[in-house]
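Read the structure below first, then the notes.
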Amino acid sequence: MSAPSANAGWAQLRQQARSLETQTESLFHTYSQFSTAASIPPKPSQEERTTETKIEELLEKRESTIGQLARLLDSEAALTSSALKQNNLSLLREKLSAHKKDLLRLRSNLQQARDRANLLTNVRSDIDEYRANNPEAAEAEYMLDERNRIDNSHNMADSVLSQAYAVNDSFVLQRETLGNIQRRITMAASQVPGINTLIGRISAKKRRDGIIMGCFIAFCFVFFWFFL
């Protein structure tokens with residue numbers, strides 16, 4: 001085989017291998033969603049089996065394509081001397097090996113998820129069957145559940161009351177603190193000479209200003225009442 005035809009054959013096979021890789025990753029995404037479904041059936045669905053079969057077929061095709069690339073690389077001296085092609089072939093093999101491990105991992109995760117779902121389903125079925133066969137026990141269980149809900153309500157009410165009492169105690173403490181501050185200010189003011197006289201004068205001036213302002217407002221009201 002001539003060098004140009006060998007290069008063309010290499011490029012075509014490599015492109016095919018990359019296309020198969022892309023298809024495999026797309027199917028992996030679909031396959032992984034079966035283990036995270038809200039309701040996992042007790043046995044694999046038809047879609048799940050079809051997806052797994054397609055992945056296995058793609059892995060076999062990729063292995064065959066990589067084998068053809070390796071034989072082509074060994075048969076042509078010009079290709080063998082290319083470090084880039086050797087590296088490409090190595091990457092294709094590593095990706096194929098990683099995808100085989102991913103398939104085993106996803107299959108194991110899906111089986112574990114199905115086992116857990118089946119176990120929960122069996123437990124619920126056993127509980128329902130027991131309740132159906134023992135109505136007295138079911139009624140007693142219902143009463144216990146009601147009692148637990150009432151206890152939870154009481155605990156919540158106690159918690160709210162405790163918080164309210166704590167806030168009330170905080171307000172009382174603040175009121176006492178403000179009262180102490182006011183008493184200290186009053187005692188300090190009484191010890192300063194002339195401070196009581198000054199405070200009295202300020203209070204008298206405020207009262208006088210209030211009286212004057214009240215008389216002015218009354219005068220304006222009477223004026224507008226009679227002349228408008």
Q) Ion pair present between Asp102 and Arg105, side-chain N to carboxylate O less than 4.0 angstrom? A) yes
Q.
Can you confirm whether Ser90 sits close enough to Glu94 that some side-chain heavy atom of one is under 4.5 Å from a side-chain heavy atom of the other?
A. yes
For a quick test of reading the model, state the closest non-hydrogen atom pair linking [X] to [Y] and the distance between them.
{"X": "Leu72", "Y": "Trp10", "answer": "CD2-N, 3.4 Å"}
{"X": "Lys100", "Y": "Leu59", "answer": "CG-CD1, 4.2 Å"}
{"X": "Leu69", "Y": "Arg14", "answer": "CD2-N, 3.9 Å"}

**Q.** Side-chain (Thr177) to main-chain (Leu173) donor-acceptor, under 3.5 angstrom
**A.** yes
Q) Donor-acceptor pair, Ser108 side chain versus Leu104 backbone, under 3.5 Å? A) no
**Q.** For Arg93, salt bridge (Lys or Arg N to Asp or Glu O under 4.0 Å) partners two or more places apart
**A.** none
Q) Just wondering, more than 12 heavy atoms not from Glu25 lying within 6.0 Å of its CD? A) yes
Contacts of type side-chain contact (heavy atoms from CB on, under 4.5 Å), residue [X], not counting sequence neighbours:
{"X": "Arg175", "value": "Val172"}
{"X": "Glu21", "value": "Arg18, Arg62, Leu92, Lys95"}
{"X": "Ser159", "value": "Gln163"}

Q: Mind checking ring-ring contact (aromatic ring centres under 6.0 Å, His included) for Phe34 and listing every partner two or more places apart, or none if nothing turns up?
A: none
Q: Verify the distance criterion only: is there a donor paired with an acceptor across the side chains of Gln33 and His29 at less than 3.5 Å?
A: yes
**Q.** Intermediate values then yes/no, side chain to side chain contact (heavy atoms under 4.5 Å, CB included), Lys54 and Thr51
**A.** CA-CA 5 Å; Lys54 287 182 178 179; Thr51 303; 5.8 Å; no
Q.
Please list all pairs meeting salt bridge (Lys or Arg N to Asp or Glu O under 4.0 Å) that have one or both residues in residues 34-49, counting only residues at least two apart or in different chains.
A. Glu48-Arg114
